[in-house]
Every structure is written in structure tokens, then in C-alpha cells.
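Below is one structure; the comments refer to it alone.
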Amino acid sequence: MMLYIVIAFLWWSILLYLLMGGADYGAGILELLTREGNRAGLKKTAYRAIGPIWEANHMWLIIAVVIIFVGFPDVYSLVSVHLHIPLTIMLMGIIARGTAFTFRNYDAVHDSWHRLYDRIYMYSSFITPMFLGIIAATAISGRIDTDATDFPSGYILNWFNWFPLSVGLFTVCLCGSLAAIFLAGEVPGSDEKWRFIRKAKQMNGLATLFMVLLFVSASLQGIPLFRWLFGNVISLIADVIAAASLAMTWYMIYQSRVKTSRFYAGLMVMSLLISVSYPHFPNIVLLKNGGSLSILDHAAPSATINALGIALLAGSVFILPALVYLIWSFAKKRSVVDEDH
């Protein structure tokens, strides 16, 4: 029983990082894809809306990593060894982005360094979710070769191929779309709102393009993606909910209920995650030799799982109310500032 509680915490941590961290990264992605003359307004809106809680978003990633490290050490060991290159790039992106974000918003001296901070922030906002998608795609692609005898086969070719790259680009577009939908509900003027809505359309269009690419690449590499997504009742239901949620997201936007559209955008992401993760559960890593690592069979000893589960349950009693209060307090502060202006 406690093992399933730990697995549930792992799944929800990944989902919340995709939603909250994804919107956070997406703000930098939108800035990268915006003309320089229009970036000042976007930066101001993003900082006001996302800036106060951006660091709290990484809590979900930390929780997920700790759960895997403590609860599933075999999975942690294999992934950290065979995917150490994309993992390192992703972690460097997180560090570089956080550092650049801090300096560009709190450096009292506005000089040429700010351009460097902006570039680091924008490019790391793009690189980090891309490699997060690459790592996730590689884990389920069946290309991790534990019997490899040379460095490229063991540590490069497993992730540097079209399927993981297309999933990474799809993840980038998904983050950009989430950010655009979120920020569209944070601007008072209709012109600014529709600028973000246009960005959301562009991100949705690019996400569709890369979704086609990932299906094609999966077919060419023998990855049964179509069967995973449409070959069982649970995934099929999740796909239908995801499609309906996307439609409702845009319906709410065009009904000028942009803030309500966030719920449906989040429901879409949750449904996609269910559709992708359910078909090969409990296997979390698929290997090239036909083997796999299961989060049921490769879990830590029961004593460790029980202690981890109790720690997660106890921690959620303190963390979740504090996070809700944090979001509420800053939302209230923003509304007061908007009324004053």
C-alpha cells in the first residue's frame, strides 16, 4: 500500500512540475520568440505574474528526484549513468536560468550585462524543458543499451535521435502554450491579452507539427507509440479528455474567460501524461535488450518505502497549505496593485 502512495506522489510531482514549472519555462520561451521591441512588456508581465513563485516550482522536481533516489535506486542509478549527458545539460540549464533571472531583475546597475542575462535566461528556458522531454522520451524508447561496449552507443546515440528530440521540441511548445494562456489572464488590456493568445496559437501549431514528427520518428524506430496511446481503454479515454480539454481551453478564451481556460489547459496536460504513462506501467525504463525497470519490482526495501511514504504524507500537510497560501497572497497583491493603477 505504501509503495503505491510513493508512486502517486512521484506521478503528481511530475505533473505539477510540468504545469507550474512548464508555465515558468514557457515565459522565457515566449520571450525568446518575441521581437526585441516587444520584450519589455512581456518581461514585466511575466515577472509580475510568475516571478514571485518561480523558485517554488522547482520543489516538485526536487521531490520527484528524491523519490526516485530513495525509493527506486536502481532506476536512479541506471538513468543517471546512461543519460548523464542530457541530465547534466538540463541541470546546467536550471542553474543558468535561475542565476540569470535573479541578476536581470535585481542587479541595480543596468548596463550591457543585462543583455547577457537576458540571453542566458531565454536560451536556458528553451534548453531545460527540451532536455527534460528528451530524457523522458529516451527512458521509454527502448534505446538504452546497458550492454554497449563503446561510448557513443552507451551514452549518446540512445538519446540523440529523432524521437527524443521531437518529444523535447513538443515539450518546449507545450510549455510556451501554457505560459501564453496563463499570462493572457494576467494583463488588463485587450491588446496585450490578444498578443498572448496569438502566441498560444503559434505554440499550439508548432506542438501539432512536432507531434506529427514524433509519431513518424516513433514508427521509423519501431516504438509502438500509436498502440500505447490508442491501444487500451484508459489511454483512449485520456486522449478524448485531452482533445476535449484543448477545445474547451480555446472556447473559454474566446468567451473572454481566460482564467478559466487555465483549468482546461492543465486538464489537457494531465490527460496526456496519463495516456503516455499508463500503457507501460509499472515499467518506467525500457531497455534495448528487451528488459525493463519496474517501479514495483525495483523498489527499495519495504522499510525504506514505508519511511519515505510517511515523510511524504507528513510533508504534504505542511507544504501544500503553505504553497496555496503563497500563490493566494501574491495573487491578492497583484490585484491590489492593478486596482491602484
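For clarity, every value in this text was computed on a predicted model and none was experimentally measured.
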Original post:
Shared ILVMFWY cluster between V317 and W60, side chains joined below 4.5 angstrom?
Top reply: no
Original post:
Do you reckon L18 sits in the same ILVMFWY cluster as L320, going by side-chain contacts under 4.5 Å, direct or chained?
Top reply: yes
**OP:** To the nearest 0.5 Å, tell me how far H82 NE2 sits from I135 CD1.
**Re:** 14.5 Å
Original post:
Which atom names give the shortest non-hydrogen contact between V172 and I29, and what distance separates them?
Top reply: O-CD1, 3.5 Å
Original post:
Does atom CH2 of W228 have more than 12 heavy-atom neighbours from other groups under 6.0 Å away?
Top reply: yes
Subject >> More than 12 heavy atoms of other groups within 6.0 Å of Y4 OH >> reply: no
Original post:
Is the side chain of S77 donor-acceptor paired with the backbone N or O of P73 at a distance under 3.5 Å, no angle test?
Top reply: no
**OP:** Identify the two heavy atoms, one from S261 and one from I181, that lie closest to each other, and give their separation to 0.1 Å.
**Re:** OG-CG2, 3.4 Å
**OP:** Inspect the contact between R104 and E31 and indicate whether a charged nitrogen and a carboxylate oxygen are less than 4.0 angstrom apart.
**Re:** yes
Subject >> Stepwise side chain to side chain donor-acceptor pair (under 3.5 Å) test for S153 and D150 >> reply: CA-CA 6 Å; S153 299; D150 59 274; 3.0 Å; yes
Original post:
What is the minimum heavy-atom distance between W159 and Y155, and which atoms define it?
Top reply: NE1-O, 2.8 Å
Subject >> Residues V269, L178; criterion side-chain contact (heavy atoms from CB on, under 4.5 Å); working and verdict >> reply: CA-CA 9 Å; V269 174; L178 286 173; 4.1 Å; yes
Original post:
If only atom types and distance count, is the side chain of S292 paired as donor or acceptor with the main-chain N or O of L286 below 3.5 Å?
Top reply: no
Original post:
What's the verdict on side-chain contact (heavy atoms from CB on, under 4.5 Å) for F210 and T171, showing C-alpha distance, side-chain angles and the deciding distance?
Top reply: CA-CA 9 Å; F210 290 122; T171 306; over 6 Å; no
**OP:** Look at atom CZ of F151 and say whether more than 12 heavy atoms of other residues, nucleotides or ligands are closer to it than 6.0 Å.
**Re:** yes
Original post:
Are W11 and I234 connected, step by step, through hydrophobic side chains (Ile, Leu, Val, Met, Phe, Trp, Tyr) whose heavy atoms are closer than 4.5 Å?
Top reply: yes
Subject >> G154 backbone acceptor or donor facing N158 side chain under 3.5 Å >> reply: yes
Original post:
Do W194 and Y254 have ring centres separated by under 6.0 Å?
Top reply: yes
Original post:
When rounded to the nearest 0.5 angstrom, what is the spacing between CG in D239 and CG in L272?
Top reply: 7.5 Å
Subject >> Pair S177-N204, side-chain donor/acceptor within less than 3.5 Å >> reply: yes
Original post:
Should we say atom OH of Y117 is surrounded by more than 12 heavy atoms from elsewhere, each under 6.0 Å from it?
Top reply: yes
Subject >> Shortest non-hydrogen separation from I63 to S13 and the atoms involved >> reply: CG2-OG, 3.2 Å
Original post:
Any sub-3.5 Å donor-acceptor pair from R262's side-chain atoms to F182's backbone N or O?
Top reply: yes
**OP:** May I ask you to check whether over 12 heavy atoms, not counting those of F230, lie within 6.0 Å of atom CZ?
**Re:** yes
Subject >> Trace of the side-chain contact (heavy atoms from CB on, under 4.5 Å) decision for T102 with Y121 >> reply: CA-CA 10 Å; T102 301; Y121 170 79; over 6 Å; no
Subject >> side-chain contact (heavy atoms from CB on, under 4.5 Å) between F215 and M211, intermediate numbers included >> reply: CA-CA 6 Å; F215 270 102; M211 182 177 288; 3.8 Å; yes
Subject >> Interatomic spacing from CD1 in I127 to CD1 in I134 - rounded to 0.5 Å >> reply: 10.0 Å
**OP:** Without swapping roles, check the side chain of N289 against the backbone of G291 for a donor-acceptor pair under 3.5 Å.
**Re:** yes
Subject >> Gap between atom SG of C173 and atom CE of M130 - 0.5 Å precision >> reply: 10.0 Å
Subject >> Note: D118-R39 ion pair, threshold 4.0 Å (strictly below) >> reply: no
**OP:** Decide whether I95 and Y17 are clustered together by the hydrophobic rule: side chain heavy atoms of Ile, Leu, Val, Met, Phe, Trp, Tyr closer than 4.5 Å, transitively.
**Re:** no
Original post:
Does a side chain donor of either R97 or S125 reach within less than 3.5 Å of an acceptor in the other side chain?
Top reply: yes
Subject >> With T138, the side-chain contact (heavy atoms from CB on, under 4.5 Å) member among N161, V167, I144, V79 >> reply: I144
Original post:
Is F131 reachable from L157 through a run of I, L, V, M, F, W or Y residues, each pair having side-chain heavy atoms under 4.5 Å apart?
Top reply: no
